[in-house]
Amino acid sequence: MCGIVGYVGGAECAPILLDGLRRLEYRGYDSAGTAIFDGQRIGVLRAVGKLRNLEKAVDEAKPAGTTGIGHTRWATHGRPSEVNAHPHLVGDVAVVHNGIIENHLALRARLSAAGATIQSDTDTELVAHLIDSHVRAGEGLEGAVRAALRELHGAYALAVLSAREPERLVVAKNASPLVIGLGDGETYCGSDIPALLPYTRDMVFLEDGEMAVLERGGARITRLDGTLVEREPRYIDWSPVMAEKAGFKHFMLKEIFEQPRAMEDTLRGRLDRERGDINELEIGLDASAAAAVRRVYLLACGTSYHAAMTGRYFIERLARVPATVEIASEFRGRSPVVGEGDLVIAVSQSGETLDTLVAAKEAKANGAKVLAIANVIGSAIPRMADGAFYTHAGPEIGVASTKCFTTQLANLLMVAIWLANRRGHLDADATRALVEDMARLPHLMRDTLMSTRQLVANIAKRYNDARDVLFLGRGPSFPIALEGALKLKEISYVHAEGYAAGEMKHGPIALIDAAVPVLVLCPKDAWYERTLGNLEEARAREAQVIAIATEGDEAARNVSHDLVEIPSVREELTPFLTVLPLQLYAYYVADFKGTDVDQPRNLAKTVTVE
Ligand code: G6P
């Protein structure tokens with residue numbers, strides 16, 4: 001789970017590589033490095049810690065050259081250290097790598113026996129040794145990389161530079177992402193789109209088992225067996241400023257406030273207000289396939305798992321199809337009973353989370369149809385799926401997911417409405433009403449963010465010393481309670497638990513005392529009365545109760561210490577609004593504590609390891 005970049009062209013490449021790495025830092029940030037050909041040899045600079053350490057080293061060394069590669073690391077093999085940082089230079093060959101080489105032990109033994117001096121604990125250095133051995137045996141760089149790849153098992157996105165052929169880079173991909181950017185007389189590669197966005201919008205996505213030779217004039221893609229691949233570039237219309245902070249203190253805060261816009265973009269072209277219907281969605285199913293769906297499995301990890309839990313509620317309630325939601329890492333490998341007639345919905349912001357990818361592949365191999373809900377275009381999960389239904393949230397940089405969560409909810413609700421309608425469970429009037437209400441979401445979210453921001457910041461300030469925080473909710477608010485707790489844990493390092501409010505009596509109530517803030521989600525829905533009962537029970541045990549309730553709810557106001565009001569909406573839409581003050585709460589607690597909000601310790605945005 002690292003980030004890689006590469007450049008070959010006519011410009012000085014050090015600033016371009018550093019800029020790309022800055023945009024990729026969310027993928028890992030325990031060390032970073034560059035390798036640049038200076039006209040005679042490859043100069044490598046590496047630094048432990050955040051990118052600014054590498055920037056300092058580059059500033060001092062001022063490496064010149066117009067072909068280079070760079071890397072930001074999240075350690076998998078070997079602790080974060082300079083010797084384990086990439087690029088790895090062996091002979092004339094420098095390599096950066098994202099992924100895990102599974103047969104690294106056998107390779108290490110073999111290379112050592114053949115006399116190689118291996119400096120680091122990484123699997124990547126072994127790749128550099130392999131390529132170097134083929135180069136020394138007289139192969140050109142492309143042939144050497146191809147020969148080395150045949151000996152590798154596992155996941156990799158690689159970029160390779162050789163001092164013998166400094167006018168080109170060779171890149172390769174299997175399971176880890178790699179994007180090629182085509183400029184005017186210059187060619188780029190990177191782990192994702194935002195890294196390249198300031199330089200070009202014409203991008204080619206490499207597929208698994210492919211490699212490419214990048215030169216100033218463009219890229220030539222081949223399969224491992226040498227057959228040529230013709231692939232048209234795709235034009236990416238994200239603007240570079242979409243990947244910047246736009247005046248906010250942190251990406252996360254910017255992304256929280258971007259949600260109304262992200263929602264608008266995600267709903268656009270999918271809700272047809274004139275016809276009062278959901279358009280045919282890009283989900284790889286037609287109406288007859290919708291009728292044939294026997295069961296739905298939703299697979300995801302992290303925040304996407306909480307979206308998937310909410311999706312189960314949407315699908316069962318509206319489409320009346322049995323739905324199961326599964327943590328992808330638990331689903332895979334336990335021989336789940338899944339197969340023909342099942343629709344598997346894999347939910348993943350990055351589209352690269354390895355557990356979700358493998359779980360979806362297993363289900364597909366058993367005959368299930370797979371629908372991907374992802375944000376990153378052309379990423380691995382949408383590519384392997386039968387249908388890709390993208391959220392249009394734009395790049396999400398903050399490690400803690402916000403705008404991708406709410407847009408995932410939107411896609412899941414649209415799938416549920418579409419299924420329900422095509423299966424005859426929602427008549428035209430009910431569909432029209434839902435479409436109308438969903439279309440108001442951007443506006444309702446904007447109002448909620450504006451009206452709750454200051455109040456939530458004040459509450460967060462008051463409770464930012466709390467050591468434990470409880471989040472309670474029922475029905476569609478239960479996954480939101482889990483998400484509120486996860487957000488707080490991720491970025492403020494405060495211990496937090498999300499619970500189904502009905503479970504409170506079965507354990508968590510023992511935790512409650514005057515020092516514990518309890519955030520209770522109690523919008524006016526079918527569960528309202530019972531949840532209000534839980535709120536009173538918490539209050540009776542002297543908890544500090546913060547209610548997230550429907551505007552004008554005097555009963556909730558009377559029994560809580562603080563009341564955060566959301567607009568009155570139908571039950572299916574409450575999760576889109578109740579989650580907003582919880583995101584803000586986590587953000588402000590973390591900001592008061594002074595933690596690294598956008599890059600919290602030990603976490604990474606994209607988890608491509610098991
Ligand atoms: C990591 C991120 C989370 C994310 C999870 C799943 O843990 O820090 O924010 O929810 O991965 O990622 P995905 O890309 O599959 O949604």
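When a ligand or atom number is given, it counts from 1 through the structure's own listing order.
Considering OG of Ser379 and OH of Tyr390, their distance stands at 5.5 Å, rounded to 0.5 Å.
The protein non-hydrogen atom at the shortest distance from atom 5 (C) of ligand 1 is Cys301 O, 4.0 Å. Here the heavy atom of the protein found nearest to atom 12 (O) of ligand 1 is Thr353 OG1, 3.3 Å. The shortest contact between atom 9 (O) of ligand 1 and any protein heavy atom is with Val399 O, 3.1 Å. Here the protein heavy atom with the shortest distance to atom 1 (C) of ligand 1 is Ala604 O, 3.5 Å. Scanning all protein heavy atoms for the shortest distance to atom 7 (O) of ligand 1 gives Val607 CG2, 3.9 Å.
Proximity of Leu285 to Leu371: side-chain heavy atoms (C-beta onward) are nowhere separated by under 4.5 Å.
For Thr356, no nitrogen or oxygen atom sits less than 3.5 Å from a nitrogen or oxygen atom of ligand 1, counting backbone and side chain alike. Considering backbone and side-chain atoms together, Gln349 places an N or O closer than 3.5 Å to an N or O of ligand 1.
Ion pairing between a basic and an acidic side chain is recognised when a charged N comes within 4.0 Å of a carboxylate O; Lys403 and Asp265 show no such pairing. Salt-bridge check for Asp355 with Arg332: passed, with a basic side-chain N closer than 4.0 Å to an acidic carboxylate O. Ion pairing between Glu572 and Arg317 holds under the 4.0 Å rule for side-chain N and carboxylate O.
Here atom 4 (C) of ligand 1 lies nearest to Thr303 when heavy atoms of Thr303, Ile373, Leu486 are compared.
Screening Val564, Thr448, Ile566 for a side chain to side chain contact (heavy atoms under 4.5 Å, CB included) with Thr578, the sole residue that qualifies is Ile566.
By the 6.0 Å and 45° rule, Arg231 does not stack over the aromatic ring of Phe205.
In summary, the atoms of ligand 1 found under 4.0 Å from a heavy atom of Ser401, numbered by their order in the structure, are 9 (O). The distance from ligand 1 to the heavy atoms of Ser304 drops below 4.0 Å at these ligand atoms: 10 (O), 13 (P), 16 (O).
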